[in-house]
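I have placed the structure first, in the form of structure tokens, so that the comments after it can refer back to it.
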Amino acid sequence: MRDKLADLIRPGSRVALGDGYGAPRSASAALSAAAARAGGVRLVLGWVPAHDPDLDLSAFADVRAVMGGWGLRKDIDSGAVHYVPTRLGTIPALIHGPLRPDVLVTSLVRVPGGYAWGSEVSWMRAAVDAGAVIAGVLRSALPHADAGAPLPEDRVVIVDESAEPPLFMPPMRDSPAHADLGRRAATVIPEGARVQVGPGPLGAALLASLQAPVRIDSGMLPEAIVDLDRRGLLIGEPMATYLTGSSTLFAWADGRPILQPIEVTHDPGRLSNDTPLIAINTALEIDDDGQVNVEGTASSNVGGIGGHPDFAAAGTRSIGGLSIVATPTQHQGRSTKVRQLARPVSTPAHDVDIVVTERGTVDLRGLDRPERRAALASLWGER
């Protein structure tokens with residue numbers, strides 16, 4: 001593999017490394033070595049949910065990440081990785097523009113007619129469309145959930161084959177607060193709506209609380225979708241661009257046309273048309289006016305902007321839809337409502353319709369700014 005990658009990595013080139021739980025981690029050491037030998041190589045990273053010990057960031061002249069990801073917190077905080085603050089929906093434009101890669105190193109599965117992505121598509125089709133050489137790691141243990149057309153064999157250079165399974169999302173601790181948030185948020189979701197949820201405890205609690213059938217139209221598909229389907233409450237096939245779960249989710253998703261590129265999953269026109277979209281998101285902080293921070297705390301990067309503002313804006317403009325922010329009133333003993341956000345605004349206040357906490361729910365639609373501030377203050381028990 002090292003020789004194959006070395007033939008593709010040129011001095012000063014830019015390499016994009018496939019992301020998500022199916023990232024081609026078996027290629028990380030060889031990629032790092034090839035970059036060090038070539039010199040001046042720049043690296044583009046997407047969503048890195050877990051630290052990759054074989055990826056030597058010092059081998060690259062520059063490392064940019066278009067999503068934060070739990071696996072990059074320390075590297076972003078130290079300055080080893082430059083985090084580009086961008087909505088998920090704008091990443092394809094960056095990949096076609098200032099971050100256009102010469103080579104894409106990505107995990108693939110073999111399908112009739114060529115190759116396909118397995119457990120995520122994300123921004124990688126944009127890299128292919130932008131002209132990147134595809135350095136594929138053939139992964140026999142990945143599910144095949146790509147809904148797109150196969151990549152022709154003559155576009156792909158297979159640099160490695162691996163039977164390594166995808167990483168699994170570690171179980172997240174449920175809490176009474178998240179269970180309550182899920183129940184409250186579920187009460188405003190009409191039957192037949194399209195629902196966007198995240199992969200954390202809030203999304204799991206929400207899907208477990210639903211009693212009427214819905215469609216799932218999201219960026220990340222959580223494992224709780226499996227139980228929703230078993231209960232007969234999933235309408236049609238879900239849509240997402242990442243699978244986020246364990247072997248249960250990956251086995252369920254195998255063979256289903258679920259995964260679409262970001263250009264489709266985060267398209268605001270598509271999201272806000274047709275069936276009402278109910279976007280359910282959380283917040284690290286929300287300020288007195290309803291502005292949301294999901295990037296991090298004052299001392300550390302947490303996750304990045306992601307698709308929060310894409311889906312929130314689409315929910316507000318969807319007729320019959322909603323943008324809901326659900327968050328506990330406290331986190332680690334500190335109020336989640338603050339006078340000033342610790343980080344820049346991730347999602348503006350005018351893209352938040354309803355706020356849910358364990359204390360109750362407030363509908364901010366149609367209120368002026370003083371009324372919104374008063375409604376939020378009441379939700380946190382402030383006078």
Side-chain angles (χ1 to χ4, degrees), residues 19-23 46-50 67-71 88 118-122 142-143 145 147 165-175 177-186 189 193-211 213-254 256-260 262 265-266 271 277-283 294 302-304 306-308 310-312 315 324-327 356:
D19 59 350
Y21 283 105
W47 180 47
V48 181
M67 283 185 71
W70 306 306
L88 208 64
S119 52
E120 51 276 313
V121 174
S122 64
L142 287 184
L167 296 177
F168 294 161
M169 183 175 182
M172 292 193 174
R173 291 180 297 175
D174 295 331
S175 70
H178 283 109
D180 189 42
L181 291 177
R183 287 192 296 269
R184 291 180 184 274
I189 298 177
R194 287 177 299 145
V195 178
Q196 174 256 330
V197 293
L202 172 62
L206 171 79
L207 294 181
S209 298
L210 290 174
Q211 300 300 318
V214 297
R215 302 179 186 276
I216 299 297
D217 196 336
S218 201
M220 297 183 178
L221 193 68
E223 186 155 310
I225 190 77
V226 179
D227 183 63
L228 188 74
D229 187 31
R230 288 172 179 166
R231 292 195 290 136
L233 299 180
L234 177 63
I235 301 174
E237 295 286 9
M239 181 184 293
T241 198
Y242 292 96
L243 299 180
T244 55
S246 71
S247 58
T248 300
L249 174 65
F250 295 129
W252 178 87
D254 188 31
R256 294 174 180 261
I258 293 172
L259 300 178
Q260 297 279 0
I262 286 173
T265 57
H266 290 66
L271 286 170
L277 174 71
I278 312 296
I280 314 286
N281 289 289
T282 190
V294 296
V302 173
H308 197 296
D310 294 309
F311 280 96
I324 301 172
V325 170
T327 182
V356 179

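All values below come from the heavy atoms of this structure, side chains included, with hydrogens, waters and symmetry mates left out. All values reported here derive from a predicted model rather than from experimental measurement.
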Heavy-atom donor-acceptor pair, R231 side chain to L210 backbone, under 3.5 Å = yes
Determine yes or no for a side-chain-to-main-chain donor-acceptor pair under 3.5 angstrom, with E120 supplying the side chain and Y21 the backbone.
-> yes
In Å, rounded to the nearest 0.5 Å, how long is the span from [atom1] of [X] to [atom2] of [Y]?
X: T265; Y: M220; atom1: OG1; atom2: CE; answer: 10.0 Å
X: L249; Y: L243; atom1: CG; atom2: CG; answer: 5.0 Å
X: D229; Y: I235; atom1: CG; atom2: CD1; answer: 11.5 Å
X: S246; Y: L167; atom1: OG; atom2: CG; answer: 12.5 Å
X: T282; Y: L206; atom1: OG1; atom2: CG; answer: 11.5 Å
X: E237; Y: I225; atom1: CD; atom2: CD1; answer: 9.5 Å

Reference residue P238; test side chain to side chain contact (heavy atoms under 4.5 Å, CB included); the match among I216, L259, V195 | I216
Do [X] and [Y] come close enough that some side-chain heavy atom pair is under 4.5 Å?
X: D217; Y: Q196; answer: no
X: L88; Y: W47; answer: no
X: N281; Y: V294; answer: no
X: F250; Y: P166; answer: yes
X: I280; Y: I189; answer: yes
X: R215; Y: M239; answer: no

Determine the minimum heavy-atom distance between [X] and [Y], stating which atoms define it.
X: L221; Y: A240; result: CB-CB, 3.7 Å
X: P222; Y: V197; result: CG-CG2, 3.8 Å
X: I258; Y: A253; result: CD1-CB, 3.9 Å
X: A283; Y: T327; result: O-OG1, 3.3 Å
X: A147; Y: Q260; result: CB-NE2, 3.6 Å
X: R194; Y: L271; result: NH2-O, 2.5 Å

Could you walk me through whether M169 and W70 pass the side-chain contact (heavy atoms from CB on, under 4.5 Å) test, one step at a time?
-> CA-CA 11 Å; M169 183 175 182; W70 306 306; 3.8 Å; yes
Presence of salt bridge, D227 and R230, under 4.0 angstrom | no
